[in-house]
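Following: one structure in structure tokens, then a few remarks.
Lettering follows sequence order; numbering is per chain, from 1. All figures in this text were calculated on a predicted structure; none of them were measured in a lab. Below, each value reflects all heavy atoms present in this structure, side chains not excepted, and no hydrogens, waters or symmetry copies.
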Amino acid sequence: MCGRYSITDPNKAIQRLFGYDGSVLNWPPMFNIAPTADVPIVIRGGNPEGGKPRALVRARWGLIPSWAKDVKIGAKMINARSETIAEKPSFHVAWKKRRCLIAADGFYEWGRDGDRNIPYRVAYEDERPFAFAGLWERWDGPEGPVRSCAIITVSANTILAPIHHRMPVIIDPKNFERWLGIEDGPDDDLHALLSSREIKGFRPYQVSERVNRVQNNDREILAPVVA
DNA sequence: CCAGACGTTGTT
DNA sequence: GTCTGG
DNA sequence: CCAGACGTTGTT
DNA sequence: GTCTGG
């Protein structure tokens with residue numbers, strides 16, 4: 001699963017991942033991102049610097065379906081299972097029309113050791129940024145429209161299985177256009193993107209339990225601790 | 001037909 | 001909105 | 001995901 | 001235990 005993640009340099013990550021200047025949103029470093037936080041995502045739309053039609057926007061983490069009566073439902077919709085995403089009423093429309101990429105440079109998983117939960121950070125060895133496969137939705141609330149998103153999950157691969165049985169889907173940069181729907185393709189192709197479960201070069205390492213508290217949002221959160 | 005749910009995770 | 005249960 | 005709250009009444 | 005907030 002994926003219930004916390006990080007983007008330590010959002011502007012640089014946008015540049016490296018998507019090849020355009022994302023500094024307009026001027027995002028601060030986020031070491032400990034929790035559900036309901038506003039996060040930067042990339043969707044179809046616009047034409048940044050004359051390139052592919054993509055738009056960098058902010059969205060609340062936790063998908064709020066269009067029919068929701070309250071934003072609170074979003075807190076339960078932080079992940080969407082790839083196995084059932086096409087059938088679930090809450091995700092079906094977004095699956096067809098509103099896929100997104102969620103910029104990150106690490107995510108956190110809690111493993112279990114007896115009665116203790118041990119936090120790990122999972123990131124590329126060289127700390128390069130990557131993108132989760134996501135869905136987004138627009139909800140018209142009493143205080144105007146709210147954009148929200150969810151991270152898609154699959155069963156854990158061999159690297160992560162010892163820690164946890166679910167993990168987020170990472171989309172390879174060469175598949176960004178296919179995923180966003182900028183290039184046409186049948187739905188089977190989309191499922192193929194979700195089923196790769198490839199996270200070559202990823203490395204999980206134990207971190208301090210300080211990450212448990214969402215208020216702890218500082219660079220020390222990233223530091224490895226000795227088991 | 002209308003009413004009511006609509007999600008994931010982990011744990012038992 | 002759309003699907004399921006009754 | 002984890003942490004932390006979880007209630008009503010009456011009075012100021 | 002279960003829900004809310006972050």
### Query
Contact class for P65(A) (heavy atom, under 4.0 Å): base, sugar-phosphate, or nothing?
nothing
### W67(A)-dC6(B) aromatic stacking (under 5.5 Å, under 30°)
yes
### Query
Under a single-linkage definition using a 4.5 Å side-chain heavy-atom cutoff for Ile, Leu, Val, Met, Phe, Trp and Tyr, are L194(A) and L190(A) assigned to the same hydrophobic cluster?
yes
#### Entry: Nucleotide of dG1(C), dC2(D), dT8(B) approaching P89(A) most closely (side-chain heavy atoms)
dG1(C)
### Query
What does A37(A) touch in the nucleic acid at a heavy-atom separation under 4.0 angstrom: a base, only the sugar-phosphate, or nothing?
nothing
Listed pairs under 3.5 Å, donor-acceptor, residues 55-70 of chain A side chains, sequence neighbours left out:
| from | atom 1 | to | atom 2 | distance (Å) |
| --- | --- | --- | --- | --- |
| W61(A) | NE1 | I78(A) | O | 3.1 |
| D70(A) | OD1 | K72(A) | N | 2.8 |

### Message
My validator wants the stems of DNA chain D: runs of 3 or more consecutive Watson-Crick or G-U pairs, both distances under 3.5 Å, written as range with range.
### Response
D:1-6 with E:1-6
### Message
Any side-chain N or O of R112(A) below 4.0 angstrom from OP1/OP2 of dT11(B)?
### Response
yes
### Rounded P spacing from dT12(B) to dC1(D) in Å
14 Å
### Message
Less than 4.0 angstrom between a side-chain N/O of S66(A) and OP1 or OP2 of dC6(B), yes or no?
### Response
no
### Task
Determine the contact category for F91(A): base if any of its heavy atoms lies under 4.0 Å from a base atom, sugar-phosphate if only primed atoms, P, OP1 or OP2 are that close, otherwise nothing.
sugar-phosphate
### Query
Which nucleotide, dC2(D), dT4(E), dT9(B), lies nearest any side-chain atom of R166(A)?
dT9(B)
### Message
Within the 4.0 Å heavy-atom criterion, would you say R4(A) contacts the bases, only the backbone, or no part of the nucleic acid?
### Response
base
### Summary
Taken in chain and number order and not counting sequence neighbours, the residues that satisfy side-chain hydrogen bond (donor to acceptor under 3.5 Å, both in side chains) with Y124(A) are none
### Task
Measure from the side-chain heavy atoms of P35(A) and tell me the nearest of dG6(E), dC2(D), dT8(B).
dG6(E)
#### Entry: Distance, rounded to the nearest Å, where E209(A) contributes CD and dA3(D) contributes C1'
13 Å
### Message
With heavy-atom distances below 4.5 Å as the criterion, would you say the side chains of R54(A) and L180(A) are in contact?
### Response
yes
### R166(A) bridged to E83(A) by N-O distance under 4.0 Å
yes
### Message
Over all strands shown, is S90(A) touching base, sugar-phosphate only, or nothing at heavy-atom distances under 4.0 angstrom?
### Response
sugar-phosphate
### Task
Would you indicate, yes or no, if dT9(B) has its OP1 or OP2 atom less than 4.0 angstrom from a side-chain nitrogen or oxygen of R81(A)?
yes
### Message
So if I take every side-chain heavy atom of N212(A) and compare against dG5(E), dC2(D), dT8(B), which nucleotide ends up nearest?
### Response
dC2(D)
### Query
Any salt bridge between E127(A) and R121(A), counting N to O under 4.0 Å?
yes
### Task
Can you label the angle between the F132(A) ring and the Y5(A) ring as parallel, tilted or perpendicular, going by 30° and 60°?
perpendicular
### Query
If the C1' atom of dA5(B) is compared with that of dT9(D), how far apart are they to the nearest Å?
35 Å
### Side-chain N,O (N79(A)) to OP1/OP2 (dG7(B)) below 4.0 Å
no
### Query
Distance check: side-chain N/O of T153(A) vs OP1/OP2 of dT9(B), anything under 4.0 Å?
yes
### M1(A) CE to L160(A) CG distance, which is reported to the nearest 0.5 Å
13.5 Å
### Message
Taking only the P atom of each, what is the distance from dG4(B) to dG5(E) in whole angstrom?
### Response
25 Å
#### Entry: P gap between dC6(B) and dT2(E), integer Å
16 Å
### Side-chain N,O (R213(A)) to OP1/OP2 (dA3(D)) below 4.0 Å
no
